[in-house]
Amino acid sequence: LPYDAEHQGYYLKTARILGTDADGSLLYEIHADEAVQEAQDRIEFTNVRIRYSPASAVPWTVHADEATLREGDPRIALRGHVRAVGRSSSDQETEIRTQYLELHPERYVAETDERVQIRIGARSLTATGMLASLDEDRLELKSNVSGKFLP
C-alpha cells in the first residue's frame, strides 16, 4: 500500500500529558482514557481529568467528557459534563459545572459563555458566562445571575 499522509498521527489509550511552565517545571497533567491526533495541529481527548501540580498551589481539578488541544493555542477546550472542583483558601469546596469551558492553564484562567452552575459550600448560583481566576479564588459571573444561599 502506498504511504497515506492523510492518516498519520497517533492514538493513545490511558494517556498522560504533562504541561510545563516557562521554566520547564511541571504545571499540570492531563489524564485521558484516549488521546487521538486528529490533525497535524489538533489532539482530541476523551474522559479527561486535568490537575495542577501540587507545587503550583492551585488546588483545582477539571473533568470533562472531551477536550481539544491545538498547537499554538494555550487554551484547552473542554466539552460535555465539565466539572471543575477546587478548594479556596478558607478550605471551602467550590464546584463549577457547565457544558463548555476554556481553560488557559498557564494563566490559571477558566472561561465560558455558556450556562454555569456554581456551588460554594452551601451557596449555589447559576449564571450565563463566567471568568474564573483559579490562582486567586476569584469568580466573575457575566449575566443572568441567580442564587440560593442557605444559612
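Atom set for the values below is all heavy atoms of this structure, side chains included, hydrogens, waters and symmetry mates excluded. Please read these numbers as outputs of a predicted model, since none were measured by experiment.
Side chains of R83 and R49 form no contact here, defined as non-hydrogen atoms less than 4.5 Å apart. For the pair I50 and E29, the minimum side-chain heavy-atom distance is 4.5 Å or more. Looking at L27 and T20, their side chains never come closer than 4.5 Å, going by heavy atoms from C-beta outward. Inter-residue side-chain proximity for Y28 and E106 is flagged as met; some heavy-atom pair is nearer than 4.5 Å. The shortest side-chain heavy-atom distance between W60 and I96 falls under the 4.5 Å cut-off. With a 4.5 Å cut-off on side-chain heavy atoms, E66 and L78 do not count as touching. In this structure the side chain of L18 reaches within 4.5 angstrom of the side chain of R16, judged on heavy atoms. Residues S124 and I118 have side chains not in contact (no heavy-atom distance under 4.5 Å, counting atoms from C-beta outward).
One finds the NE2 atom of H63 at 12.5 Å from the CG atom of L101 (value rounded to the nearest 0.5 Å). One finds the CG atom of L139 at 6.5 Å from the OG1 atom of T94 (value rounded to the nearest 0.5 Å). Note: F45 CZ to R79 CZ = 11.0 Å, rounded to the nearest 0.5 Å.
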* **Pair Q99-H81, side chain to side chain contact (heavy atoms under 4.5 Å, CB included): steps then yes or no** => CA-CA 5 Å; Q99 287 299 310; H81 300 100; 4.1 Å; yes

* To do: Test I30 against I76 for side chain to side chain contact (heavy atoms under 4.5 Å, CB included), laying out the working first.
  => CA-CA 10 Å; I30 303 173; I76 303 168; 3.9 Å; yes

* Please test E44 against R42 for salt bridge (Lys or Arg N to Asp or Glu O under 4.0 Å), starting from the C-alpha separation and ending with a verdict. => CA-CA 7 Å; E44 297 290 340; R42 192 176 89 236; 2.8 Å; yes

* Determine, step by step, whether E38 and R70 satisfy the salt bridge (Lys or Arg N to Asp or Glu O under 4.0 Å) criterion, reporting the C-alpha distance in whole Å, the side-chain angles of both residues, the deciding distance to 0.1 Å, and the verdict. => CA-CA 10 Å; E38 291 286 349; R70 293 181 184 276; over 6 Å; no

* To do: Carefully, step by step, assess E114 and K142 under the rule salt bridge (Lys or Arg N to Asp or Glu O under 4.0 Å).
  => CA-CA 10 Å; E114 302 289 319; K142 296 183 180 179; over 6 Å; no

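Listed by chain and residue number, nothing satisfies the side-chain hydrogen bond (donor to acceptor under 3.5 Å, both in side chains) test with R107 (two or more places apart in sequence, or in another chain).
The hydrophobic cluster around V109 extends to L131, counting ILVMFWY residues whose side-chain heavy atoms fall within less than 4.5 Å of a member.
Counting non-hydrogen atoms of other residues, nucleotides and ligands closer than 6.0 Å to NE2 of H104 gives a total above 12.
Judged purely by distance below 3.5 Å, without hydrogens or angles, the side chains of Y100 and E102 pair a donor atom with an acceptor atom. No side-chain donor from either of T126 and Q117 sits under 3.5 Å from a side-chain acceptor of the other.
Linking Ile, Leu, Val, Met, Phe, Trp and Tyr residues whenever their side-chain heavy atoms come within less than 4.5 Å leaves L125 and V85 in two separate clusters. Connection of V36 to L69 is not established within any shared hydrophobic cluster, with ILVMFWY side chains joined at heavy-atom distances below 4.5 Å, either directly or through further cluster members.
Across all their heavy atoms, P105 and Y52 have their closest contact at O-OH, 2.9 Å. Residue T98 comes nearest to R115 through the heavy atom pair OG1-O, 2.8 Å, listed as atom of the first residue, atom of the second, then distance.
A donor-acceptor pair under 3.5 Å is absent between the side-chain atoms of S133 and the main chain of D135, judged by distance alone. The closest donor-acceptor contact from the side chain of D73 to the backbone of R75 lies under 3.5 Å. The closest donor-acceptor contact from the side chain of S53 to the backbone of L26 lies under 3.5 Å.
Note on R97 versus E95: salt bridge recorded, some NZ/NE/NH1/NH2 to OD/OE distance being below 4.0 Å.
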